[in-house]
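Just below is one structure, and these are the notes that go with it.
Quick note: numbers below take in every heavy atom, side chains included, and nothing from hydrogens, waters or symmetry partners.
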Amino acid sequence: MSLVVMKFGGTSVEDPAAINRTASIVAGRVAAGKKPVVVVSALAKVTDQLLRAAACAAAGDRTGSLAISSRLRSRHRDTAAALVKDPQAGAELGNHIDEQFNALDEILRGLAAILELTPRISDLVVSYGERLSSRIVAAAMLERGIAAAHVDARDVVITDAQFQKAVPLDSVIEKRAEQHLKPLLDEGKVPIMGGFIASTEEGITTTLGRGGSDFTGALIGGALSADAIEIWTDVNGIMTCDPRVCPDALRVKVISFEEAAELAYFGAKVLHPATILPAVKKNIPVLVLNSRNPDNEGTRIISLAPHCKSPFKSIAVKKKLSIIDVVASRMLMTHGYLREIFTIFDKHQCPVDMVSTSEVSVSLTVDSTDKLPAIAADLSQLADVKYEGRKALVCMVGEDIRGQQGIAAQVFNAVRHINVRMISQGASEINMSFMIEEDDADEAVRSLHAAFFKDPDPEVFDVEAQKLATQPAS
Ligand code: ASP
Ligand code: MG
């Protein structure tokens with residue numbers, strides 16, 4: 001029987017209506033003879049609010065912090081009450097939610113007393129989001145006749161102790177999945193677990209990093225050698241560009257892992273980049289689907305995408321970037337200079353996205369951060385430094401640009417009216433990126449989309465949906 005890991009993001013479990021939709025999607029898979037394992041995020045925005053509560057407490061604002069927690073308690077209680085009508089199950093769930101919030105409030109009071117928030121405690125605080133959402137979803141599914149069984153993700157997803165970005169221990173996870181999930185699946189049950197949260201082998205709570213529920217989905221899929229991993233979100237899959245910027249955006253029906261990984265960095269909205277890895281290793285297809293529109297086929301991410309007539313699959317944009325220019329004639333014919341520059345970025349723990357060098361100058365791009373003045377001050381010990389914010393990186397991704405002649409000319413012709421600051425063609429040869437002013441980004445995307453998606457390949461892009469949308473109503 002086909003085993004499928006179904007991951008639902010925060011918006012797919014944000015309120016009773018969303019959880020009902022999610023339950024019927026899972027029920028549909030069961031009715032179709034599949035064996036699902038369900039992974040859920042915290043209810044939408046809860047992770048942010050928990051982080052805020054922790055930060056408030058550690059800053060000494062005990063009242064403010066407990067007020068956030070109290071609002072979260074009501075939201076979870078109300079959601080549970082709306083979903084679970086059976087008196088006994090409802091009371092049990094209500095008590096469970098209260099116990100969890102009592103424990104959380106203890107931690108917040110402790111933080112307000114010691115005025116310090118460590119990464120370890122931060123992980124403990126945010127873990128309540130997924131611990132609660134998974135309980136509520138499991139109870140709601142049970143009441144809807146699904147043989148749901150709650151599993152604490154921290155018993156299965158085992159990691160090292162790098163809090164806030166813990167690294168999973170694949171072989172341990174495989175054993176734990178065998179121990180905790182297989183028996184349930186064999187009994188015909190549907191395991192329901194939280195994403196994002198994990199624990200060390202000693203049982204200390206960790207997390208996989210923001211947006212980490214996709215990663216959990218892929219880890220579980222990999223550990224169980226699932227037949228597919230479904231990422232349920234609130235968009236119809238990966239699009240050729242942001243539909244809010246360009247209404248002609250098309251759904252990409254199929255894309256390769258490599259292409260999706262390039263895009264993930266830009267549009268973290270759809271997929272966590274690391275999601276791809278456990279799935280790639282075991283060659284498990286990943287489907288991005290819309291829980292508000294479950295009949296839509298979404299986007300299928302597979303190892304080897306079919307050949308596509310269009311050179312690009314998608315145009316992504318990353319905004320809020322800064323460009324730093326370092327100019328020194330001293331660099332001419334010397335060595336070790338780049339190392340000195342990078343040591344400074346390393347010291348400030350600032351990741352560099354794109355680099356371009358000439359004999360006497362280096363330009364680098366980074367996320368705009370408040371560390372920039374300090375970085376610039378350090379760099380100015382080496383050379384002349386200038387930095388400028390409000391830049392955007394436009395990234396065109398497609399495997400079929402490999403070896404194609406004249407693509408760069410076509411790209412820059414499409415944006416000839418826009419000032420391009422930096423250009424990079426990734427070593428992977430499936431990505432062409434360039435840096436422009438943030439204010440020009442939308443216009444650039446529209447021009448590029450018009451130039452490259454005039455005659456989209458119907459095997460790869462959902463041309464039908466666009467035809468329907470543009471047909472006059474009869
Ligand atoms: N709830 C976590 C977050 O907001 C994980 C996730 O949603 O994937 O980052
Ligand atoms: Mg999320």
Side-chain angles (χ1 to χ4, degrees), residues 2-10 12-13 26 34-42 47 123 126-127 129-131 133-134 137 149-185 190-233 257 260-261 264 268 270-289 301-303:
S2 128
L3 202 154
V4 47
V5 174
M6 307 176 75
K7 179 262 169 174
F8 292 88
S12 305
V13 294
V26 174
K34 305 227 157 140
K35 275 186 173 294
V37 175
V38 176
V39 173
V40 294
S41 289
T47 307
D123 275 357
V126 284
S127 74
E130 271 75 7
R131 284 153 73 176
S133 66
S134 56
V137 169
H150 181 264
V151 173
D152 192 328
R154 295 170 300 167
D155 292 332
V156 182
V157 184
I158 305 301
T159 64
D160 69 6
Q162 289 184 62
F163 297 102
Q164 298 180 320
K165 50 172 189 312
V167 178
L169 307 176
D170 291 346
S171 58
V172 188
I173 296 174
E174 223 164 278
K175 275 192 216 110
R176 296 291 187 101
E178 187 73 33
Q179 228 177 318
H180 294 275
L181 299 174
K182 266 277 168 57
L184 293 173
L185 290 164
V190 178
I192 316 284
M193 51 196 282
F196 172 60
I197 59 174
S199 98
T200 64
E201 282 187 280
E202 294 73 38
I204 313 284
T205 299
T206 58
T207 65
L208 299 171
R210 291 308 304 271
S213 296
D214 293 346
F215 197 7
T216 305
L219 288 167
I220 298 297
L224 293 170
S225 295
D227 297 285
I229 296 163
E230 299 180 348
I231 306 287
W232 289 87
T233 168
F257 280 121
V270 176
L271 213 68
H272 189 290
T275 307
I276 311 289
L277 294 173
V280 173
K281 277 196 214 149
K282 292 218 167 166
N283 216 352
I284 304 172
V286 175
L287 286 109
V288 180
L289 297 159
I301 306 172
I302 55 178
S303 307

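Atom CH2 in W232 sits 12.5 Å away from atom NZ in K7 (nearest 0.5 Å). To the nearest 0.5 angstrom, I284 atom CD1 is 8.0 Å from F257 atom CZ. In this structure, L185 CG and E178 CD are separated by 10.5 Å, a value rounded to the nearest 0.5 Å. Summarising the geometry, atom NZ belonging to K35 is positioned 7.5 Å from atom CG belonging to L3; distances are rounded to the nearest 0.5 Å. Atoms CG and CZ, from L277 and F215 in turn, are 7.0 Å apart once rounded to the nearest 0.5 Å.
Counting heavy atoms from C-beta outward, F196 and T47 have side chains that approach closer than 4.5 Å. Looking at heavy atoms from C-beta onward, D160 lies out of side-chain contact with T200 at the 4.5 angstrom threshold. In this structure the side chain of I231 reaches within 4.5 angstrom of the side chain of I229, judged on heavy atoms.
In plain terms, the two heavy atoms of E130 and V126 that are nearest each other are OE1-O, 4.1 Å.
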Full working for side-chain contact (heavy atoms from CB on, under 4.5 Å) between V4 and D227: CA-CA 6 Å; V4 47; D227 297 285; over 6 Å; no
Stepwise, does the side-chain contact (heavy atoms from CB on, under 4.5 Å) test hold for M193 with I220? CA-CA 10 Å; M193 51 196 282; I220 298 297; 3.6 Å; yes
Could you walk me through whether T206 and T159 pass side chain to side chain donor-acceptor pair (under 3.5 Å), step by step? CA-CA 7 Å; T206 58; T159 64; 2.8 Å; yes
Working note: F163 + I204, criterion side-chain contact (heavy atoms from CB on, under 4.5 Å); need CA distance, chi angles, decisive distance, verdict. CA-CA 10 Å; F163 297 102; I204 313 284; 3.8 Å; yes
Given the rule in the side-chain contact (heavy atoms from CB on, under 4.5 Å) test, do V157 and I197 qualify, once you have shown the distances and angles that lead to the verdict? CA-CA 8 Å; V157 184; I197 59 174; over 6 Å; no
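Checked by atom type, the side-chain pair R154/T205 shows a donor-acceptor distance below 3.5 Å.
Identified under the salt bridge (charged side-chain N to carboxylate O under 4.0 Å, His left out) test for residues 275-285, with sequence neighbours left out: D170-K281, E174-K282.
Under the side-chain contact (heavy atoms from CB on, under 4.5 Å) criterion, V172 pairs with I158, L169, R176, E201, not counting sequence neighbours.
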